[in-house]
Amino acid sequence: MFMFNLILFGPPGSGKGTQSDKLVEKYGLIHLSTGNLLREEIALKTPLGIEAKSFMDNGQLVPDEVVIGMVDSYFDKNKGAIGFLFDGFPRTVAQAKALDNLLELKKTEIAAVLALDVSEEELVKRLLNRGITSGRSDDINEEVIRKRFAVYSNETKPVAEHYKKLKKFQSIKGEGTVHDIFNAICGIMDKKLK
Ligand code: AP5
Ligand code: MG
């Protein structure tokens, strides 16, 4: 079966979640945000959620095996999807390799990786601002926000290299209005879907 799988890539606060909601509505992809799935587990106080919470509160990554297992079962729950939009996953090279393998088993692959490019100054502003209303424990404290950027640089940026080697990686400007950024992404999507 033909599937279209997109990765929205970028640092914390770059707009992955915001753009995902709009893309899912337009293209009918299944949104797979590991951050959202983990926050649901925390809200339900499952063993997985309890394990994940301390990592998330400190701005650290949840261990790969926990996240990969969660993605695997989300795939099983969404058999027949026309494609997935990955948001906040993969975040390590090990996760990227696990995803490649999972998709290969389904006889599909990643069509494109789109990275939202936003300055650190703007990111901090956005996250502190969201922290006022979101109730997200990792948005309230600037120290935890900076920690998330450091983790992104050290552990997640190498994922970009992985997809550059496969010639699937493309950066786009992530500053400006939500509407303009969405249109830029749709332009790229529509070309790929032709
Ligand atoms: P996760 O939930 O993935 O958070 P994140 O990557 O840190 O990113 P955010 O959700 O904060 O930002 P976003 O890019 O979605 O931006 P948004 O659209 O919300 O991860 C949280 C934690 O879970 C991790 O730290 C880790 O512990 C764990 N985790 C998750 N996935 C994992 C994985 N795969 N492996 C291991 N651990 C994992 O926008 C941000 C704000 O900006 C919003 O207020 C929005 O309204 C605003 N905004 C958006 N676009 C614009 C714009 N164009 N102009 C102005 N403001 C804008
Ligand atoms: Mg998000």
Side-chain angles (χ1 to χ4, degrees), residues 6-24 31-43 48-75 84-99 102 113-160 162 172-185:
L6 176 74
I7 296 175
L8 261 195
F9 194 77
S14 55
K16 303 182 296 292
T18 303
Q19 296 297 334
S20 291
D21 289 343
K22 295 169 75 69
L23 289 164
V24 161
H31 188 193
L32 199 166
S33 158
T34 43
N36 288 353
L37 292 177
L38 289 166
R39 281 184 288 275
E40 278 166 27
E41 298 281 343
I42 290 175
L48 196 158
I50 291 162
E51 185 186 353
K53 187 172 177 357
S54 56
F55 293 101
M56 291 171 76
D57 285 349
N58 291 316
Q60 288 170 312
L61 294 183
V62 174
D64 283 336
E65 61 274 17
V66 174
V67 174
I68 293 165
M70 203 175 65
V71 169
D72 201 9
S73 58
Y74 197 72
F75 271 2
F84 288 92
L85 198 178
F86 298 98
D87 158 7
F89 176 85
R91 254 177 157 93
T92 62
V93 172
Q95 289 180 19
K97 288 183 176 163
L99 177 61
L102 281 172
V113 182
L114 296 184
L116 294 165
D117 199 10
V118 180
S119 74
E120 187 159 324
E121 203 192 330
E122 166 75 10
L123 295 172
V124 175
K125 222 170 37 188
R126 286 185 190 178
L127 293 175
L128 283 173
N129 191 37
R130 184 176 63 186
I132 298 170
T133 53
S134 69
R136 266 181 65 168
S137 55
D138 56 347
D139 279 349
I140 292 160
N141 173 328
E142 186 161 343
E143 211 176 301
V144 174
I145 292 176
R146 298 272 176 205
K147 169 81 190 171
R148 285 158 68 196
F149 294 150
V151 167
Y152 176 77
S153 284
N154 296 333
E155 300 181 54
T156 305
K157 271 199 179 150
V159 173
H162 176 81
I172 55 167
K173 199 173 118 205
E175 292 188 40
T177 67
V178 169
H179 179 80
D180 287 348
I181 297 164
F182 179 62
N183 283 341
I185 298 173

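In listed order, ligands and their atoms are each counted from 1. If you're wondering where the values come from, they're calculated on a predicted model, not measured in any experiment. These values consider heavy atoms only, across backbone and side chains, with no hydrogens, waters or symmetry-generated copies.
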At a non-hydrogen distance cut-off of under 4.0 Å, which region of [X] contacts ligand 1 (side chain, backbone, both, or neither)?
X      : result
Gln19  : neither
Asp64  : neither
Leu61  : both
Val151 : neither

Which atoms from ligand 1 have a heavy atom of [X] less than 4.0 Å away?
X      : result
Pro11  : 14 (O)
Gln95  : 33 (C), 34 (N), 35 (N), 36 (C)
Gln60  : 26 (C), 27 (O)
Asp138 : 21 (C)

Quick check: [X] and ligand 1, any N/O pair under 3.5 Å apart?
X      : value
Ile181 : no
Arg39  : yes
Asp139 : no
Gly17  : yes
Arg130 : yes

Regarding [X] and [Y], does a basic nitrogen lie under 4.0 Å from an acidic carboxylate oxygen?
X      : Y      : value
Glu122 : Arg126 : yes
Asp57  : Lys147 : no
Glu120 : Arg146 : yes

Proximity flag [X] to ligand 1, non-hydrogen atoms under 4.0 Å:
X      : value
Gly176 : yes
Gly13  : yes
Glu175 : no
Leu127 : yes

(request) Please name the pair of heavy atoms, one in Pro63 and one in Glu51, separated by the smallest distance, quoted to 0.1 Å. (result)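 Closest approach of Pro63 to Glu51: CG-OE2, 4.2 Å.
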